[in-house]
Number of protein chains: 4
Amino acid sequence: MSASETEAAIEAGRHHDARAPRTAAAVGQRALRGDPVRVAIVGATGYVGAELVRLLALHPNVEIVGLVGRERKGDPIAGIHPHLATSDLKVFDAVPDSAEAVFLALPHGAVAGRIDEFLGRGQTVIDLGPDFRLRDQGDYPRWYHFDHPRADLLATAVYGLPELHREELAAVGRAPGAIVGAPGCYATTTILALAPLARAGLIADLVVDAKSGVSGAGREPKADLQFGEVNESVKAYGIFTHRHIGEIEQELGALGSEGANPGVRGVDFLPHLIPMTRGILSAGHVRPTRPVTQAELDALYLDAYGDERFVTVVDAPPATKHVLGSNEFRVWCRVDERNGRILAIGVLDNLVKGAAGQAIQAFNVVHGLPETAGLLQLPLAP
Amino acid sequence: MSASETEAAIEAGRHHDARAPRTAAAVGQRALRGDPVRVAIVGATGYVGAELVRLLALHPNVEIVGLVGRERKGDPIAGIHPHLATSDLKVFDAVPDSAEAVFLALPHGAVAGRIDEFLGRGQTVIDLGPDFRLRDQGDYPRWYHFDHPRADLLATAVYGLPELHREELAAVGRAPGAIVGAPGCYATTTILALAPLARAGLIADLVVDAKSGVSGAGREPKADLQFGEVNESVKAYGIFTHRHIGEIEQELGALGSEGANPGVRGVDFLPHLIPMTRGILSAGHVRPTRPVTQAELDALYLDAYGDERFVTVVDAPPATKHVLGSNEFRVWCRVDERNGRILAIGVLDNLVKGAAGQAIQAFNVVHGLPETAGLLQLPLAP
Amino acid sequence: MSASETEAAIEAGRHHDARAPRTAAAVGQRALRGDPVRVAIVGATGYVGAELVRLLALHPNVEIVGLVGRERKGDPIAGIHPHLATSDLKVFDAVPDSAEAVFLALPHGAVAGRIDEFLGRGQTVIDLGPDFRLRDQGDYPRWYHFDHPRADLLATAVYGLPELHREELAAVGRAPGAIVGAPGCYATTTILALAPLARAGLIADLVVDAKSGVSGAGREPKADLQFGEVNESVKAYGIFTHRHIGEIEQELGALGSEGANPGVRGVDFLPHLIPMTRGILSAGHVRPTRPVTQAELDALYLDAYGDERFVTVVDAPPATKHVLGSNEFRVWCRVDERNGRILAIGVLDNLVKGAAGQAIQAFNVVHGLPETAGLLQLPLAP
Amino acid sequence: MSASETEAAIEAGRHHDARAPRTAAAVGQRALRGDPVRVAIVGATGYVGAELVRLLALHPNVEIVGLVGRERKGDPIAGIHPHLATSDLKVFDAVPDSAEAVFLALPHGAVAGRIDEFLGRGQTVIDLGPDFRLRDQGDYPRWYHFDHPRADLLATAVYGLPELHREELAAVGRAPGAIVGAPGCYATTTILALAPLARAGLIADLVVDAKSGVSGAGREPKADLQFGEVNESVKAYGIFTHRHIGEIEQELGALGSEGANPGVRGVDFLPHLIPMTRGILSAGHVRPTRPVTQAELDALYLDAYGDERFVTVVDAPPATKHVLGSNEFRVWCRVDERNGRILAIGVLDNLVKGAAGQAIQAFNVVHGLPETAGLLQLPLAP
């Protein structure tokens, strides 16, 4: 919605208010005064929802005006998430109109069908599910087995990976009703690990072998996520069909010149469940399109990430524990002199940089806040 | 601050220099200006040292002016603790004179012998080891097998548990050279869980059965702390001789009237090592000196902790995961109607409220800072 | 099948075929020939059921003639329990008449109501649930919240702890229709750890603080048993009400002279869930009725367990990992010179000596087999 | 052999005593009588050594005549490995002459230099280290950084993977002084997972991404194997240089016709350390030399493993927990219809089928015993 459209809307008396409707002008005025951005979190009863609360509760530029969960009638968040016992926030079943931005942590398909509810109120939509990640509407039936009801919006939604789409995020922020499709956890790990190689057209063949803790599977009790099943075990899952493949191919495919990276089509992506709660490690095994030197790789990664606050190019193979609880992504890339192949390893905390933290980072960009606001906690180790 | 900057500062008479001893007046002036307190961390290469860095690096009223480790010559902390990769801090082998407060995370006996070094510079000493926790010099040979070289200071040092000794901590802060003996991890858990009962003279007989993650044992490689030994196992250790018994008896013994709690002498304290990294749960099994009602217990705990920011009296038995990574202590207390006994269960993160966080909390009180400064991170779950 | 039907069957010469009912005479004859005992396992789809299969499949004197699970129609056990992939056994919904002994791993209350089904076929009943553990019918509503429908059988059932009831087990074995109530996991750990003290009348006051892996809670998905909830956490549960208290008080109360152990009434028993799959450690904190020496304790334990194959009195505090996967129980007992209290620590694998293994051990005694048959596997460590 | 039998044997001058050298004739005679094979275990103080004891102690055709560890003078194995508390075996510093076979669990390079000691006594050598795994002497400096002192023996040693070298193992068994180089844990997992594809000449390009528990790294305390470092973390290690690459290339390279599998040269092999104690999962990502169908793959694996007792081709992706504590290997292989690639996943317990169990399996073949003797324990789950 353009500024003039906004004005027109105001004149027309369409006050989508919550007692204080949001308009570009109103938002601008509030921002000038340093008022916090009013946000709501939908899906607050799940793991990602709790993580949004954990981080946003201390965000210096945010006021949480609503926690939302199905059939909740003011239930204290402290009862739902015992670790948040010191919070007075309560969970209701409706999104408050007063919210200027809405974080949605819902299953796939749940946001697409009700997007107008948020847009109608001029709320920024930060969708942590997949409904606005993919550009090609054909990807929804392929990877998620549903037809997207609002394919018309896919072109305007922004893939919420600030390291690749910062300018677009900032651009949509200038108008109300922005839609951000925050990336999947495996997708973030894999795309950030490989983006410099894709940009340079180096990926002839690609195997991605990823390992994740269980929290990415959510909080609903499942037989194969019981402690007794997960502990002291590792297994592959989602074999050949993991939904994040779509995002990975979309984003890596958009880097480099047309056809420069044949390996990013039909990616061989294999996720594993390992006995830990948080963390993803993604190992990208690349057969390069041409011989490369280590110096060249170092330069590519430095160029890509030298100025990024949340991406660190490290000198030693990273462990997921090195980033636990933080919004950091770490990457290490080497050429194997023995066979000329490239190995790129990335790690993150799937609930922070892989979900809640990254969504907040994108939100910060959209709303013109410091990109690191609310995200400066250092990793927790050991 | 660089060397030349330092020189310039000295010439200009601006006393934050490295050699300028701290005085109450100088500190007072700086505090009035809102200058951060300059702190050093000794023992920065261990787990507790890293945790101090993690928290103090974001403390709004603190500037870290020195990290100290044996034989370290400017080694980047990022190399020693990979999770701190985004930090530029370096570790040296000497405590900078400029520090106004020194956090010491060293083995027992290491601080007592060099205490004059810090006092001579007028530095607040926050000792996270045991050298200044016990009031009775006889307790050192008994529990730690060494004779205390500076028993003359034991009376003036303050046991750094703000919930019990807040006023004393604030009082020592008015003079330079304060010594704070920050409590042990088991001791904190046990004392806070039982203090309201002790204060009421209710402890006739006491069994404390505690469970801890491994990080309390430090970072040095030990055969019985290898993953293969700890995982999928539980064992008791330190049986009959655990050093924290001395603190527990001292602090609980000081509550209530003389002889009111016969159970706090000769406490039956049993710690266990369980397969997790952080967290302590301490279960206090109490045979009361007289019959009690649940309402009475509720009132005692509310009275003790209702105003405490870092202690929460909870309605359901707490889990250590509920406080992971935070400075929170949680306690639950119930009378067993079947046999009239009292059960008090406390949980904390041994590296935060059980070590670094609590030390910072005490430091905040000593230095007149907001008690919660730098300690507001919410627990990390799942 | 009634007794007369059985006789008729014997007269008809249908001796030992799959349909032939068991009689004392027939069993005796088969045993003389060294025929394996035909057993069925009811509740084969759960963790305890699987463990029974794991052990009985290699038992030299047993033939598994039936695996039973609700609504199962010949489902391969290999599909239900992937670790048993090499087994050809199938699960059906009925207990075969041919079974001479039936192992029942069912929820409480499920066996009491259908006990005649097994007795009518002359089958030995090895109930791994609680329905025949308690002698006092009033204990069922108290601890299990149901009225026992066959209280008349409680006196004849034997508590299946061979170390305490070996002769009774052997005695019931001489008649068909024996009922064995195999002990609970916590109960076994606690009773075996403390029996020598109870026998000597030493327990004036008793606190039992136990720690368990999650497998004791069974295989049904539960929110608080998800990996993300259990990992890196410890919590107490079943506080004041854990059902095994009834067994513990019954069995310890029966040792020593009347009233000799006041501490075994109203036991303060506190179980904890810790992040591991198998294993229980039970710490018995005892205030003795009179002063004791270590030599006295050593003699008591040696006397009690010196000849026991599955109980080892150890010299160092035991860890649960030391007995993983085996039918071993280990115990360590010491007097604390500082306060005169006694500490007894026992460990076992809750699915073996705490369930399936012990049930097989009792079965062996009942059926006159070598007590160690099928139970000789050594612990698995690390 | 009973005590009296032993005495009789000695009186009769039949010296199976410690000094009696083994000869083919003597061994043959003993075997005819069904005497157990006398074995020694060198390196009994480590994890693999303990596992050999655990399994061989119950092997029906074996008598353990010696446990050997450096500077050990009769130390009870029960003290060194607490889980073996029920064993009376003791550890000495010398290999008894009476042993007919010697299992060696020693660091690389330790066996090659003293091989004559064993050969001189006519003892079968089952080396669980790498000294006799590789055929090409150039592979030792390349992968292990030492020059092999007895390269002359490399051609006669047999790679102890019965599924690939059963006939050779049986053949060497007919003469004393056989040398078996038991495979590495990663090598076993990877080779067995991919052998059917290699045999069919299907491997054009190969990425092997493996995940292991920590026990493979041995029992020596190491900083990065402390629980606090391993738990809740995953990292890659041994990148580009892992020593098992040599074995993998050797064994897969020997399958199929010359040059049929270009992918088995310069294999991209990446091992990871994950937070568990036992278990390896190896994922082989294969770009095939030609299009394949699933039916073809099924046939290849059935043909390779249909008759193997310790290899199971499974229908669902296997987890390491499915084989814990057993000598089983499980494999699952599928073609990805989307990109035509093949994925083969294998799992085993690194201390059993990846070490001690497999060594015993090879020993059984060499000594003409039933291949499954001592190895029938079922997996332990959960």
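These values consider heavy atoms only, across backbone and side chains, with no hydrogens, waters or symmetry-generated copies. As the structure is a prediction and not an experimental result, all values here were calculated from the model. Numbers restart at 1 for each chain; the letters A, B, ... are given by sequence-line order, proteins then strands.
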Item to check | Heavy-atom pair count under 4.5 Å with chain A, highest-scoring of Leu324(D), Leu273(D), Ile345(D), Val267(D) | outcome: Val267(D)

Item to check | CD (Glu220(A)) with more than 12 external heavy atoms under 6.0 Å | outcome: no

Checklist entry - Is the CG atom of Asp315(A) crowded by more than 12 outside heavy atoms at less than 6.0 Å? => result no

Item to check | Pairs of heavy atoms under 4.5 Å with chain A: top-ranked of Glu229(D), Lys235(D), Lys321(D), His322(D) | outcome: Lys321(D)

Item to check | Option in Arg278(D), His272(D), Glu337(D) with maximal non-hydrogen atom pairs under 4.5 Å from chain A | outcome: His272(D)

Next on the checklist: Looking at every heavy atom in both Pro317(A) and Ala236(D), which two are closest together, and how far apart are they?
Outcome noted: CB-O, 4.0 Å

Item to check | Contacting moiety of Val323(D), where chain A heavy atoms sit under 4.5 Å | outcome: neither

Checklist entry - Of all of Pro318(A), Gly228(A), Ala283(A), which one pairs up most often with chain D through heavy atoms under 4.5 Å apart? => result Gly228(A)

Item to check | Note, Asp209(A) side chain near Lys211(D) side chain (heavy atom, < 4.5 Å) | outcome: yes

Checklist entry - For Val214(A), is it the side chain, the backbone, both or neither that has a heavy atom under 4.5 Å from a heavy atom of chain D? => result neither

Checklist outcome for this item: The interface call for Leu380(A) against chain D, heavy-atom contacts under 4.5 Å, is neither

Checklist entry - Looking at Glu232(A), Arg287(A), Met276(A), Arg341(A), which makes the most heavy-atom pairs under 4.5 Å with chain D? => result Glu232(A)

Checklist entry - Should we count CD of Glu296(D) as having more than 12 external heavy atoms under 6.0 Å? => result yes

Checklist entry - Below 4.5 Å, heavy atoms only, C-beta onward: do Ile239(D) and Trp332(A) meet side chain to side chain? => result yes

Checklist entry - Do you know the tightest heavy-atom contact between Phe240(A) and Val335(D)? => result CE1-O, 3.5 Å

Item to check | Largest heavy-atom contact set with chain A, pairs under 4.5 Å, which of Leu270(D), Asp336(D), Asn339(D), Val347(D) | outcome: Asp336(D)

Checklist outcome for this item: Max heavy-atom pairs within cutoff under 4.5 Å with chain A, candidates Ile274(D), Val234(D), Leu281(D), Val207(D), goes to Val234(D)

Checklist entry - Does Asp268(A) come within less than 4.0 Å of Arg338(D), counting only side-chain N to carboxylate O? => result no

Checklist entry - Considering only heavy atoms, which portion of Arg334(D) lies under 4.5 Å from any heavy atom of chain A: side chain, backbone, both, or neither? => result both

